[in-house]
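Comments concern the structure below.
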Amino acid sequence: MNNISKKLFSVLMAVVMLATLALMPVAASEPCGCGEAPLVCVTGFSAATLYQNYGTDQEQAIFPPSQESIEGLASDIGVSLIQGFINYGINNKDSSILAAAILKPVAERFEPIAYNADGTPKYDDLSYTCFSESLDSYEREVREAYASAYALKTGKQIGWDHVYIFMYDWRESPVDIAADLDAFIENVKDETGHDKVNLAAESMGAAVTAAYLSIYENYDSIKNIVFISPAFQGTSIAGDVFTGKINIDVYGVYEYLQELSNDSEQVGWMTALLLAFLRYQGLLEEFVPDINRFVNDNKETIRTELTLPIFAGMPGLWSMIPASQYEAAKSYLYPEGVDPELEAKIDEYYNIQINLETVLNDAMDAGVNVAIISNYHTHFIPVIESDFTMSDGVIDTVYSSAGATCARHGHVLREHYQQANTDCGHYHLSTDGIVDASTCLFPEQTWLIKNLGHVEYAEDEDPVKLVMWLLGMDEQYTVWTDTQNFPQFLYYVTWSGEMVPLALTEAALGDIDNDGVASSTDARLALRIATGLETTDARGNFLGDVDFDGNITAADARRILRVATKLESFEEIPGESETPEA
């Protein structure tokens with residue numbers, strides 16, 4: 001080929017390549033006519049497994065650790081304990097020697113994920129599970145292993161090519177992860193031809209989503225956001241650990257085991273037997289105080305041998321510290337001062353956390369529909385001082401609901417408690433007396449499910465229906481939009497997977513005088529209120545308004561009387577015509 005031919009060929013190839021590049025984005029962004037926004041699931045803490053030597057014969061799951069790794073760690077701890085007890089006896093029973101012996105194999109096992117004091121990883125040989133394409137590109141086994149219940153539901157309803165899972169290295173700052181989420185969302189829009197996506201942000205994924213909204217403000221790209229068991233305001237588990245508040249509570253252990261016994265029939269009887277054995281033998285009462293003394297005597301060893309060298313430099317974990325414990329955690333872990341580079345990283349998300357209300361309000365003002373689902377009445381793992389804080393087992397309800405006032409676990413709010421915030425004019429107290437949702441940042445858009453554990457959604461159970469309903473919002477829904485199916489407070493039946501309005505389970509609907517049952521006295525009281533002869537408080541107004549039309553009327557009195565005389569029941573709540581008022 002002569003020079004002229006070569007030049008002509010080169011020009012022709014350049015033209016073809018330019019034309020191809022020009023056409024590619026047009027084809028990729030061709031509008032989709034399905035009318036359903038694609039779903040991006042922003043996963044939670046440790047949803048992505050961290051691997052060492054990924055894709056090689058030496059591949060090893062570092063976190064969460066594999067069963068083999070856990071068994072190996074248990075074996076190593078056993079050997080270290082023997083050595084520790086020997087040294088413990090030789091060195092005048094110095095408990096710090098025993099503590100160091102226990103912590104050494106733990107620190108060695110997690111060394112590959114360790115972070116430096118400046119907030120950077122010690123090693124760069126870790127990879128994590130990620131899904132760069134829609135679930136349509138993966139086998140069913142993979143989808144079922146990694147996708148949430150609502151992702152699976154969405155895939156079956158609108159197609160797997162409209163469902164995406166965003167995973168990340170949870171050790172990093174949500175601020176840094178937010179950059180990847182921004183790029184991920186843009187890619188989803190290009191691939192699907194949609195200009196908006198729905199976000200299901202669960203657990204730590206809520207912190208990542210909050211950072212994304214705060215920094216990038218790409219509101220035009222988002223239709224709906226459903227925060228599910230969100231950790232955008234942290235959790236006392238992280239706060240207590242990072243402030244040295246470790247404590248095993250005997251009664252808390254019993255409570256925790258009792259809740260485990262309610263999970264399923266099979267687990268139930270096994271746990272019940274264990275619980276009975278422990279109570280009968282008094283083993284916890286005998287040994288737990290000694291364990292607590294040992295831990296308390298060796299807090300400094302735990303801090304220097306495990307927390308500081310492995311976990312304290314992880315910005316992702318710092319994002320899980322509640323604002324109320326943030327400065328205390330800094331002082332406890334770094335009494336001589338936090339490394340300036342780490343502090344700059346962790347302060348970025350702290351500032352987002354304390355300004356969450358503004359972040360979400362800005363999104364809603366721009367047209368994004370926002371909903372929050374928080375759970376309560378599940379006991380924390382009883383190894384922290386905050387173990388009786390109302391929670392979903394992982395996150396305090398006050399944080400996952402963005403501000404609800406809650407009774408301690410096993411208690412109710414004080415007698416004659418009155419709703420703290422009446423400015424909204426609506427009733428936001430749970431009929432079980434445990435939660436006042438009026439103090440949430442967004443009381444009208446926060447749903448609370450009793451007994452449901454942290455992100456414990458199953459595809460064939462009722463709670464996932466609430467998520468799907470909220471993901472389908474075409475306008476901003478509130479807790480008054482569908483009181484028949486999705487009122488603010490819901491009750492999850494752990495053994496059956498069913499979910500019903502909490503008011504029905506508490507036998508409180510129609511019970512204006514709060515004596516535990518809807519009676520003819522309540523019917524007479526409702527009639528007097530309807531005719532202006534008597535008044536009641538906010539709770540009475542809510543429970544007496546049995547047809548949810550916003551007022552207590554003669555019709556409510558008549559229905560309460562029919563229920564009291566067994567002529568009908570409250571099993572079906574009629575829809576409402578307007579939002580109930582307090």
Side-chain angles (χ1 to χ4, degrees), residues 32 34-42 148 150-151 153-154 157-158 162-164 166 178 181-182 184-186 188-189 192 194-203 205-230 232-233 352 355-374 400-404 424 426 428 437 440-449 457 463-488 490 575-576 578-579:
C32 174
C34 72
E36 300 285 352
L39 173 65
V40 175
C41 294
V42 187
S148 61
Y150 23 92
K153 280 275 191 184
T154 302
Q157 289 181 7
I158 67 174
H162 274 46
V163 182
Y164 292 77
F166 176 74
L181 177 59
D182 180 54
F184 191 87
I185 290 172
E186 292 305 309
V188 170
K189 289 163 56 182
T192 62
H194 284 270
D195 57 359
K196 291 180 182 290
V197 304
N198 288 330
L199 297 181
E202 61 184 41
S203 193
V208 173
T209 301
Y212 162 76
L213 293 172
S214 175
I215 297 167
Y216 296 96
E217 300 182 345
N218 288 341
Y219 308 129
D220 291 342
S221 296
I222 310 299
K223 180 181 179 184
N224 300 315
I225 302 176
V226 181
F227 291 105
I228 302 160
S229 301
F232 42 31
Q233 290 194 327
I352 292 171
N355 289 293
L356 181 66
E357 183 174 15
T358 299
V359 170
L360 297 186
N361 267 326
D362 287 347
M364 288 186 286
D365 289 344
V368 179
N369 300 317
V370 174
I372 298 170
I373 303 176
S374 172
S400 63
S401 65
C424 63
H426 305 148
H428 293 290
C440 295
L441 293 181
F442 305 98
E444 305 296 307
Q445 295 150 247
T446 303
W447 285 257
L448 295 107
I449 305 176
Y457 291 82
V464 75
K465 295 177 182 177
L466 172 61
V467 179
M468 298 302 294
W469 178 65
L470 292 170
L471 286 172
M473 289 185 286
D474 287 321
E475 60 183 5
Q476 180 63 64
Y477 288 175
T478 74
V479 295
W480 311 111
T481 300
D482 185 354
T483 54
Q484 179 173 347
N485 296 300
F486 305 117
Q488 181 154 49
L490 294 149
E576 58 161 9
E578 50 186 271
T579 301

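Position 1 is the first residue of the sequence; numbering continues from there.
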Start with the C-alpha gap between Tyr150 and Met468, add the side-chain angles, then the distance that decides, and say whether side-chain contact (heavy atoms from CB on, under 4.5 Å) holds. CA-CA 7 Å; Tyr150 23 92; Met468 298 302 294; 3.9 Å; yes
Of all heavy-atom pairs linking Gly403 and Gln233, the shortest is N-OE1, 4.2 Å
Before giving the answer on side-chain contact (heavy atoms from CB on, under 4.5 Å), spell out for Tyr477 and Asn369 the whole-Å C-alpha distance, their side-chain angles and the decisive distance to 0.1 Å. CA-CA 8 Å; Tyr477 288 175; Asn369 300 317; over 6 Å; no
Using side-chain heavy atoms (C-beta onward) and a distance below 4.5 Å, is Leu441 in contact with Leu360? no
Nearest heavy-atom approach of Pro230 to Ser400 is CG-O, 3.0 Å
Between the CG atom in Leu490 and the CG atom in Asn485, the distance rounded to the nearest 0.5 Å is 9.5 Å
Start with the C-alpha gap between Val479 and His428, add the side-chain angles, then the distance that decides, and say whether side-chain contact (heavy atoms from CB on, under 4.5 Å) holds. CA-CA 10 Å; Val479 295; His428 293 290; 4.3 Å; yes
Closest non-hydrogen atoms of Asn224 and Met473, given as atom of the first, atom of the second and distance, are ND2-O, 2.9 Å
Heavy atoms of Gln476 and Val368 approach each other most closely as OE1-O, 4.1 Å
Is any side-chain heavy atom of Val359 closer than 4.5 Å to one of Phe232?
no
Margin query: Treating Gln488 as the side-chain partner and Thr446 as the backbone partner, does any N or O pair qualify as donor plus acceptor under 3.5 Å?
Written below: yes
Aromatic centroids of Trp469 and Phe486 separated by under 6.0 Å = yes
Taken to the nearest 0.5 Å, the spacing of Ile185 CD1 from Tyr216 OH works out to 10.5 Å
Taken to the nearest 0.5 Å, the spacing of Leu471 CG from Lys153 NZ works out to 12.5 Å
Here the pair of heavy atoms bringing Ala37 nearest to Lys223 is CB-CD, 4.3 Å
The side-chain contact (heavy atoms from CB on, under 4.5 Å) partner of Leu470 among Asn198, Ile225, Ile228, Ile373 is Ile373
Examine distances only and state if a side-chain atom of Lys196 and a backbone atom of Asp220 form a donor-acceptor pair shorter than 3.5 Å.
yes
Value for OH (Tyr212) from CD (Glu217), rounded to nearest 0.5 Å, stands at 10.5 Å
So CD1 of Ile372 and OG of Ser374: to nearest 0.5 Å the spacing works out to 8.5 Å
Between Ser148 and Glu202, is any pair of side-chain heavy atoms under 4.5 Å apart? yes
For Asn355, the side chain to side chain donor-acceptor pair (under 3.5 Å) test, sequence neighbours excluded, returns none
What one should report as the nearest heavy-atom pair of Ile352 and Ala211 is CD1-CA, 3.8 Å
Got Asp362 and Tyr219 here, is their nearest side-chain heavy-atom distance under 4.5 Å?
-> yes
Separation between OG1 (Thr209) and CD1 (Ile222), nearest 0.5 Å, reads 8.5 Å
(Q) For the residue pair His162 / Glu36, report whether a side-chain donor-acceptor contact shorter than 3.5 Å exists. (A) no
